[in-house]
Amino acid sequence: MSSTEGSVGISAWANSLPGFTGILKQRYSDFMVNEIDTSGTVVHLDGPPAAQVPPVSDWKLASSSTPAASSSTAQQQASLNPEPQPDICFPASPAANGSEQSNAAVNSNSIAQQAPLQKPHSNNTQANPVANVAQDVPHRVSPTEICQNGNHADGFVMKALQQTAATAAQPAVLEGMAACAAQIDAVGVMCGPNNKQKLKDFLQSIFDFQEATNLPGASSLKRPEHILLDPITDKTQRTAVHNFFKQYSPLPKLGTSTVTGSGVSDYGGKPMSVIKVTYEGRGQKRKRDDNGGRRGRGADKSVSRGSDRGGRGAKEGPSKGTDAGGGQWGKEWPGGTKKYCKFALAKTNMDTQQCIGLLTSLIHCKRGVFATAGTKDKRAVTVQSVTAFKVSAERLAALNPRLYNFQVGNFDYTDEELHLGQLQGNQFQITLRELKGATREQVEAAAAALKEGGFINYYGLQRFGSGSVPTHKVGAALLRGHYEEAVRLIMQPRDGEREETAEARRLYLEKGDVMGALYTMQRHLTAERAILEGLSHSGKDNFLAALMRIPHGLRTMYVHAYQSYLWNAATSERCLKHGTKSVVQGDLVLPVNSAEAEEESHANGGERSSARRAAVHVVTKEEACRGAYSIQDVVLPLPGGQIQYPEYKEVEDHDTSHQGSIYHRLAAADNVSLEPACATSDNSQAFSLHGLSGDYRRIVVKPQGLTWKLLDYSDPDEPLAVSELEKLCGDKEPAALQEGAKGDLLALQLTFQLAPSCYATMLIRELTKMATGTAFHKNLTQSAKAEGASADMSEDSAN
């Protein structure tokens, strides 16, 4: 069962007007979001001239030949996601004037002319299952990190690595196996005892071969070639092993590659990827494959770890001057000295990261090539900016025929990469269907009150996840130091999951079968797989080590969710006690100049300066009496070590020993402390709210530019808005938007702008006084359909 407003601390209202019901997100186009960039411009996908690039017909890769492996991968992708026959293309571009086009402005329609637009997916069907491929690239873990999280956390492995480094300069033939002891032990920690023994035997054969080469008849000796390690299912683990051999293999010269189709298969007969370790010593040159990477002997079917697959930065990305898409910047690269291609991404019913994952899969580059200012709602039509490091506009535009439910366009080149939080906000167009429980006049009055008084700036239900266990519950368990509880909460079943995922959860929760659950668990479930992999490597009872294998961003999300819960609950208590119209003694406020600094901080990627935190002011009795501040100036803190709590005078039996005792009472109810965590030998306080810097959030906000209109219509399923993708495909304006439209159903269409981290669903909650959860609106939709079907049957009977 998903979260409800009350379970995440939401219980107050900004006004007391009566509410009404309306169906939210019946169609994807009922909820449209356009990002607002740092210049205040609303991001659109509309195809105007935007790119300084040569026409697609003149574009070619700077490389003389396309890498064979990339072509093969592209063919495999095409076989999974066949190129559709588009319903309609972008309008044809104007005739070329014959002038030189290199680095000259062209209409992006000329790019799209050879990259037809795929019409967005129907609102009433599910997305193409191919959209689930290549969704997440696992977090890169260093060998040192893995060793520290393994069974040798007491430092044995680190000592072994130091010993290996200390003996690296000594001749391999003289030191032999003794010098390799550290390397062998470290591989045993990462790969298990079987692979440790395989490596040990392989190294012994290499040293025997090296020593025998000085004896008569050495030319007839068989040279050790390679071994295949036992399968390692986790890609992150395999990557760490490859990196380990690069960094900590100083004695014999060993190369590694990932091999498929080597005769090793899983229980279902599917070929598995294994690591091939190849001996490359005695002057043998490492071969260079078709991708420009290096590989070992006999690695014809392997994917080289050194291949250039695109990326950002000197360490992980392509070599200097090389485009991640195969070209070169500064020479053939069309962006000149500007290294980033900026474009608009328009999507329907897809996650932002899902779209990025498909782009990386089609371009054959790393996920880090692309950057966004944030993620957008899935069940909606959204448009946002994306930057791509050294991937040309032509190559991106050429993907459009193969993109399902999303498109790219409005290309430009820039010097700056996007960073998280680098936006001014979002523009929304939301349609509420089948309004009931209020007259037209009451709906108009509710919209006017919202425009005038705003709404309580709660964190919406999306902040706490869509699963049966809210993420803040996991965060509370982490902060209590109850790590087994946190693991079991994360592993709890979710409604609507695939059968194999439900089975994987059952295997662990009911039988404690870690390996069986890991084998069955779907790969895109990052947190669950990370936990199972951690338990398999660190022991079934080492829950902290398993949790620490979850990527940092996802792991901290749980603690941030608990922060948000405390803010919601404290805000509800403040608003219920003091109202939402006036400022009271003890409130925290941010002066106007600090509000300007707040906007600047959003424009700089969301970084919070200490100056902004220092600008928070506690309202005095005299200031409250003379009305020195408005309710829009009042803020409440997100708990952390660098914030100030409000100084309300608590009454009744509440503890008054702390400033901000509201927060301390709420946290104490969950057995969570807001004080600095004490270091313990068993790491029982590995998570702490005091370790976070904290921040401030306004308790009441007003939507900017709020406008609305009431729509009359007849068909419950007819479109009431046209998305940008539909406009580019030539869809006409819905009949309900045309003048004089009539019908027996009523809808409300709102257009407004909100600052970053403000939730439009909380605005809808204030307007309608109804729940915003998915389950509530799903039931509302089903009830409306049932009523419609019943009315149709009655009408048929009457006839």
Side-chain angles (χ1 to χ4, degrees), residues 134-142 145-146 148-149 234-237 239-240 311-313 315-316 351-357 359-360 366-378 384 386-387 389 417-423 459-460 462-467 469-479 483 486-487 489-491 521-534 544-565 567 601-602 604-608 638-640 686-689 691-695 756-757:
Q135 203 174 133
D136 286 300
V137 176
H139 169 63
R140 246 188 179 348
V141 182
S142 68
E145 230 176 317
I146 288 182
Q148 288 174 335
N149 288 334
D234 181 21
K235 183 179 179 181
T236 303
Q237 190 83 349
T239 301
R312 184 172 73 249
K315 293 184 179 180
E316 296 187 359
D351 290 321
T352 300
Q353 294 306 314
Q354 190 178 6
C355 296
I356 297 300
L359 289 176
T360 60
K366 298 179 182 178
R367 184 175 288 264
V369 165
F370 296 93
T372 67
T375 59
K376 297 289 182 279
D377 300 79
K378 176 185 177 182
Q384 66 186 114
V386 183
T387 55
F389 177 69
E417 181 185 35
L418 279 175
H419 298 284
L420 189 64
Q422 197 173 0
L423 72 166
Y459 286 98
Q462 307 96 302
R463 180 77 166 185
F464 305 96
S466 58
V469 178
T471 52
H472 78 281
K473 294 288 187 182
V474 180
L478 293 175
L479 292 166
Y483 303 126
V487 166
L489 286 173
I490 294 172
M491 297 297 294
M521 188 68 71
Q522 289 181 278
R523 296 196 63 85
H524 73 273
L525 297 172
T526 307
E528 289 86 343
R529 287 191 62 86
I531 286 173
L532 293 171
E533 289 161 1
L544 177 58
L547 289 165
M548 296 304 288
R549 288 179 67 94
I550 299 175
H552 179 266
L554 182 55
R555 194 169 66 241
T556 56
M557 178 197 70
Y558 299 120
V559 178
H560 290 159
Y562 188 72
Q563 264 188 320
S564 303
Y565 162 75
W567 190 94
S601 72
H602 284 306
N604 290 330
E607 298 177 356
R608 310 293 192 213
L638 286 160
F687 298 86
S688 169
L689 283 174
L692 303 175
S693 61
D695 202 356
S757 80

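Hydrogens, waters and symmetry mates are skipped; everything else that's a heavy atom, side chains included, is used.
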If you look at every heavy atom in Leu489 and Ala477, which pair is closest and at what distance? CD1-CB, 4.3 Å
Taking only residues two or more places apart in sequence, or in another chain, which ones meet Thr471 in a side chain to side chain donor-acceptor pair (under 3.5 Å)? none
Search all heavy atoms of Leu638 against all heavy atoms of Trp567 and return the closest pair with its distance. CD2-CB, 3.9 Å
Taking only residues two or more places apart in sequence, or in another chain, which ones meet Glu528 in a side chain to side chain donor-acceptor pair (under 3.5 Å)? Arg505
Counting N and O atoms only, with roles assigned by atom type, does the side chain of Arg555 sit under 3.5 Å from a partner on the main chain of Met548, one being a donor and the other an acceptor? yes
Lys378: what forms a side-chain contact (heavy atoms from CB on, under 4.5 Å) with it, not counting sequence neighbours? Asn349, Asp351
Taking all atoms of both residues into account, what is the closest heavy-atom pair of Ala373 and Leu418, and its distance? N-CD1, 4.2 Å
Between the NE2 atom in His560 and the OH atom in Tyr459, the distance rounded to the nearest 0.5 Å is 9.5 Å
OH/Tyr558 to CG/Leu547 distance, rounded to the nearest 0.5 angstrom? 8.5 Å
Answer whether the closest heavy-atom distance between the side chains of Leu689 and Leu692 falls below 4.5 Å. yes
Measuring from Thr526:OG1 to Ile531:CD1, what's the distance to the nearest 0.5 Å? 11.0 Å
Can you tell me how far apart NE2 (His524) and CZ (Arg529) are? Round to the nearest 0.5 Å. 11.0 Å
Using ring pair (Phe, Tyr, Trp, His ring centres under 6.0 Å) as the criterion, list what pairs up with Tyr562, not counting sequence neighbours. Tyr565
For a 4.5 angstrom cut-off between non-hydrogen side-chain atoms, does Asp695 reach Gln563? no
What's the separation between atom OG1 in Thr375 and atom CD in Gln354, rounded to the nearest 0.5 Å? 12.5 Å
Just to verify, what does Ala530 make a side-chain contact (heavy atoms from CB on, under 4.5 Å) with, not counting sequence neighbours? Arg549, Ile550
I want to check something: taking the side chain as every heavy atom from C-beta on, are Met521 and Glu533 in contact at a cut-off of under 4.5 Å? no
Looking at residues at least two apart in the chain, or sitting in another chain, which of them share a side chain to side chain donor-acceptor pair (under 3.5 Å) with Arg463? Ser564
Using 0.5 Å steps for rounding, measure from the OG1 atom of Thr387 to the CD atom of Glu417. 5.0 Å
Of the non-hydrogen atoms in Tyr483 and Leu478, which two are nearest, and what is the gap between them? CE2-O, 3.8 Å
Closest contact, heavy atoms only, Val469 versus Val474: CG1-CG2, 4.3 Å
